[in-house]
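Right, one structure below, let's go through it.
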Amino acid sequence: MKTIRKITILGSTGSIGESTLDVIARHPDRFQTFAITANKNVEKILSQCQRFQPRFAVMLDQESSEQLASAIKTTNIKTEVLSGIESLEKVASHPDVDTVMAAIVGAAGIRPTFAAAQTGKLVLLANKETLVMAGRIFMDLVKQHHATLLPIDSEHNAIYQSLPHHYNGNLATAGISRILLTASGGPFRCASLDSLENVTPEQACAHPNWDMGQKISVDSATMMNKGLEVIEAHWLFEAPPDKIQVVIHPQSVVHSMVAYVDGSVIAQLGNPDMRTPIAHAMGYPERIESGVSALDMFKVAHLDFEEPDFSKFPCLGLAYQALDAGGNMPAALNAANEIAVESFLKKRMAFTDIPAMIKHVMQIIQREEILTLDDVLKTDKLARAKAHEWLANL
Ligand SMILES: NC(=O)c1ccc[n+]([C@@H]2O[C@H](COP(=O)([O-])OP(=O)(O)OC[C@H]3O[C@@H](n4cnc5c(N)ncnc54)[C@H](OP(=O)(O)O)[C@@H]3O)[C@@H](O)[C@H]2O)c1
C-alpha cells in the first residue's frame with residue numbers, strides 16, 4: 001500500500017503552485033494537500049480551498065486572510081485560515097508535513113523555505129532566490145537537518161536527471177567536464193540592442209515558450225533568470241562558475257545537459273511544461289503521470305543552439321560577477337533585481353534601466369561574508385534601499 005504524502009504548497013496561487021495542484025489532483029492516492037499559501041489572492045485561494053480542502057490556508061496579508069476567513073465561514077469547508085510570515089513558517093515546518101513545495105516568488109520565500117529545511121522536510125525548490133541569496137548557509141542547513149532537496153526549476157531538474165545516479169558533489173570524480181544550462185533567450189533574443197530601450201512590460205512578459213509569473217517572465221527577458229540559475233546550479237551541484245556554460249536554445253525542448261570527459265552529453269528533453277519537473281520531483285524516485293503531452297520529435301524537427309550575447313543582456317554578466325565576488329553580493333544582486341523588475345512593471349523606469357540599477361547597487365554595497373540568515377536579510381534590506389534611492393534620482 002502506498003503511503004499518502006502530506007504537502008504544503010508555499011505560493012499555491014502562482015504559476016508553479018497551480019501546476020503542483022494539477023499534479024496532486026491526478027494522484028489522490030499519493031498526495032494530500034495539507035496547507036496552501038498566498039499573499040493577497042483571496043479569490044484563487046478560496047477556490048483552491050473548496051477543491052482541495054487543506055487543513056490550513058495562509059495569507060501573508062492580514063486583511064486578505066480576514067476576507068478569506070469570512071468567505072470560508074459561509075461554506076462547509078473546515079480549512080483553518082492563518083496570516084503572516086510566522087504562519088508561513090509554521091505550515092512549512094509542521095510535524096504532520098513531509099513535503100514542501102517552495103514556490104513563493106522572490107526573497108519573500110526565504111524564511112518559510114528555511115523553516116522547511118530546518119525541520120528535515122523533502123523540499124521541492126522552485127524559489128531559486130533562496131539559493132541565490134543564501135546558497136552556502138541553505139545547503140549547510142539541508143545537510144545538517146537531513147532534509148532532501150529536489151530542484152523544480154526545469155533546467156536544474158534536467159541536470160539532476162542527467163547526473164550520475166549517486167552524484168557526490170564532485171564534478172571531477174564523477175567524470176563531468178561541464179554543465180550546459182540552456183536558455184530560451186526570452187522574447188528579445190532577436191531584438192536589436194537599440195530597440196530594448198522602449199520595450200513595454202506586456203512585451204517583456206510575453207515569453208515565447210513558457211507561461212510563468214510576471215517576475216520570472218521579466219527575468220527571462222533580461223536573462224537575469226539565467227544568471228540566477230547559474231548561481232543556483234553552483235550551489236545545487238557544487239559546480240564552479242567556469243564549469244557552468246549558458247547555451248541559448250530557442251525551442252526550450254532540451255532543458256539542460258551534462259557533458260562528460262569521454263565526450264558524452266546527457267540531456268533531458270520534453271515539452272516546455274513545468275508539470276514535468278514537478279511530477280518528477282513529487283514522484284521521485286518513481287515516475288508518475290504529469291498530464292504533459294508526449295514530445296513529438298517530428299513536430300520539433302529542429303534543435304538550435306547559440307552563444308549568449310552578454311552585451312545585449314548585461315544581467316547575465318552581473319550574475320556571474322556576483323557569484324565570483326561571493327559573500328553578500330548575490331543577495332545584493334537579487335534584491336536590486338527585484339526592485340528593478342517591480343519598477344519596470346510599474347512603468348517607473350525603462351527595461352534598459354534594470355541592469356543599470358543592479359550594477360549601481362552592486363558597486364555601492366560593501367562585500368561582506370554571510371554567516372547567518374540575518375546577514376542575508378540585512379544585505380537584502382540595504383540593497384533595496386539603495387535601489388530605491390537610485391530610482392528617486394533617475
Ligand atoms: N513559473 C515558472 O514556470 C517557474 C519556473 C521555474 C522556477 N520558478 C520559480 O518559482 C517561484 C514562483 O514563480 P511563479 O512564476 O509561480 O510566481 P507567481 O506566479 O508570481 O506566484 C507567486 C506566488 O507567491 C505568492 N507571493 C507573492 N509575494 C509573496 C509574499 N511577499 N509573501 C508570500 N507569498 C507571496 C503569490 O501569492 P498571490 O497570488 O497572492 O500574489 C503566489 O502564490 C519563483 O521563485 C520562480 O523563479 C518559476
Side-chain angles (χ1 to χ4, degrees), residues 2-38 41 43-54 57 97-105 122-128 148 150-162 182 184 205-214 216-217 220 225 249 251-256 267-301 303:
K2 282 178 203 142
T3 50
I4 296 200
R5 295 232 306 265
K6 290 192 179 154
I7 302 198
T8 284
I9 305 164
L10 301 168
S12 66
T13 52
S15 156
I16 295 289
E18 288 201 286
S19 294
T20 306
L21 287 171
D22 185 276
V23 173
I24 289 177
R26 289 166 196 278
H27 301 280
D29 55 332
R30 284 178 184 269
F31 307 114
Q32 192 185 328
T33 312
F34 177 82
I36 55 179
T37 84
N41 193 337
E43 202 183 323
K44 203 180 269 182
I45 205 165
L46 176 62
S47 77
Q48 292 178 342
C49 287
Q50 281 163 331
R51 182 158 179 216
F52 292 92
Q53 313 235 341
V97 169
D98 39 64
T99 305
V100 175
M101 168 60 78
I104 289 174
V105 63
L122 167 58
V123 182
L124 312 180
L125 190 72
N127 179 263
K128 63 191 87 185
T148 305
L150 290 176
I152 293 299
D153 230 335
S154 59
E155 295 78 359
H156 304 76
N157 185 272
I159 294 162
Y160 189 86
Q161 294 193 47
S162 306
T182 56
S184 69
C205 288
H207 196 279
N209 307 332
W210 296 96
D211 182 13
M212 309 181 285
Q214 278 197 320
I216 185 172
S217 297
S220 297
N225 184 48
H249 165 50
Q251 290 88 358
S252 300
V253 165
V254 176
H255 297 303
S256 277
Q268 185 259 354
L269 283 72
N271 284 320
D273 186 322
M274 288 306 293
R275 289 175 301 172
T276 294
I278 290 169
H280 169 265
M282 285 179 62
Y284 191 83
E286 285 176 61
R287 295 278 177 174
I288 61 171
E289 208 269 321
S290 66
V292 177
S293 56
L295 182 66
D296 182 339
M297 292 307 252
F298 302 112
K299 256 197 200 150
V300 173
L303 296 175

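Nothing here was measured: the structure is a model prediction, and the numbers come from that model.
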Looking only at heavy atoms, the pair that brings Ile4 and Pro28 closest together is CD1-O, 4.0 Å

Ring centroid separation His156 to Tyr160 under 6.0 Å
no

Given 3.5 Å as the limit, does a donor-acceptor pair link the side chain of Thr276 with the main chain of Pro272, or not?
no

Name all residues meeting the salt bridge (Lys or Arg N to Asp or Glu O under 4.0 Å) criterion together with Arg30; count only those two or more places apart in sequence or in a different chain, and write none if there are none.
Glu286

Smallest heavy-atom separation, Gly17 atom then Ile9 atom, equals CA-CG2, 4.0 Å

Should we count CD of Gln50 as having more than 12 external heavy atoms under 6.0 Å?
yes

Thr13 (side chain) donor-acceptor with Lys44 (main chain) under 3.5 angstrom:
no

Give the intermediate values and the outcome of side chain to side chain contact (heavy atoms under 4.5 Å, CB included) for residues Met274 and Ser15.
CA-CA 9 Å; Met274 288 306 293; Ser15 156; 5.7 Å; no

Mind checking what makes salt bridge (Lys or Arg N to Asp or Glu O under 4.0 Å) contact with Glu289, not counting sequence neighbours?
Arg26

For the residue pair Ala294 and Asn271, what are the closest heavy atoms and their distance?
O-ND2, 3.4 Å

Hey, is the main chain of Ile216 close enough, under 3.5 Å, to the side chain of Asn225 for a donor-acceptor pair?
no

To check you understand the geometry: which heavy-atom pair defines the closest contact between Ser162 and Ala267, and what is its length?
OG-C, 3.7 Å

Is there a side-chain contact between Thr20 and Leu124 in this structure, where contact means two heavy atoms from C-beta onward sitting under 4.5 Å apart?
no

Check the pair Thr99 / Met282 against side chain to side chain contact (heavy atoms under 4.5 Å, CB included), numbers first and verdict last.
CA-CA 9 Å; Thr99 305; Met282 285 179 62; 5.7 Å; no

Identify the heavy atoms of Ile104 and Gly11 that sit nearest to each other, and give their distance.
CG1-N, 3.7 Å

In Å and rounded to the nearest 0.5 Å, what is the OG to CD1 distance from Ser12 to Ile45?
4.0 Å

Using atom types as modelled and distance alone, determine if a side-chain donor or acceptor of Gln251 lies under 3.5 Å from a backbone N or O of Val300.
no

Does the side-chain hydrogen bond (donor to acceptor under 3.5 Å, both in side chains) test come out yes or no for Asn209 and Ser252, once each step is laid out?
CA-CA 7 Å; Asn209 307 332; Ser252 300; 2.6 Å; yes

Give the C-alpha distance, both sets of side-chain angles, the deciding distance and a yes or no for side chain to side chain contact (heavy atoms under 4.5 Å, CB included) between Phe52 and Ile7.
CA-CA 11 Å; Phe52 292 92; Ile7 302 198; over 6 Å; no

Closest non-hydrogen contact found for Ile16 with Ala126 is CG2-CB, 4.0 Å

Atom CZ of Arg287 and atom NE2 of His280: how far apart are they, to the nearest 0.5 Å?
4.5 Å

For the side chain of Asp273 and the backbone of Arg275, is there at least one donor-acceptor N/O pair under 3.5 Å apart?
yes

Return the CG to OG1 distance between Leu21 and Thr33, rounded to the nearest 0.5 Å.
5.5 Å

CG of Asn127 to CG of Leu10, rounded to nearest 0.5 Å, is 9.0 Å

Could you label the plane-to-plane angle of the His255 and Trp210 rings as parallel, tilted or perpendicular, counting under 30° as parallel and over 60° as perpendicular?
tilted

Which residues pass the salt bridge (Lys or Arg N to Asp or Glu O under 4.0 Å) test with Asp29, sequence neighbours left out?
Lys2

Is it the case that the side chain of Asp98 and the backbone of Lys6 share a donor-acceptor pair, with hydrogens and angles ignored and the cut-off at 3.5 Å?
yes

For the SG atom of Cys205 and the CD atom of Gln214, what is their distance to the nearest 0.5 Å?
4.5 Å

Assess the residue pair Leu125 and Ile152 against the criterion (side chain to side chain contact (heavy atoms under 4.5 Å, CB included)); give the C-alpha distance rounded to whole Å, side-chain angles, the decisive distance to 0.1 Å, and a yes or no.
CA-CA 5 Å; Leu125 190 72; Ile152 293 299; 5.6 Å; no

Approximate separation, where rounding is to 0.5 Å, of His207 NE2 and Ser217 OG:
7.0 Å

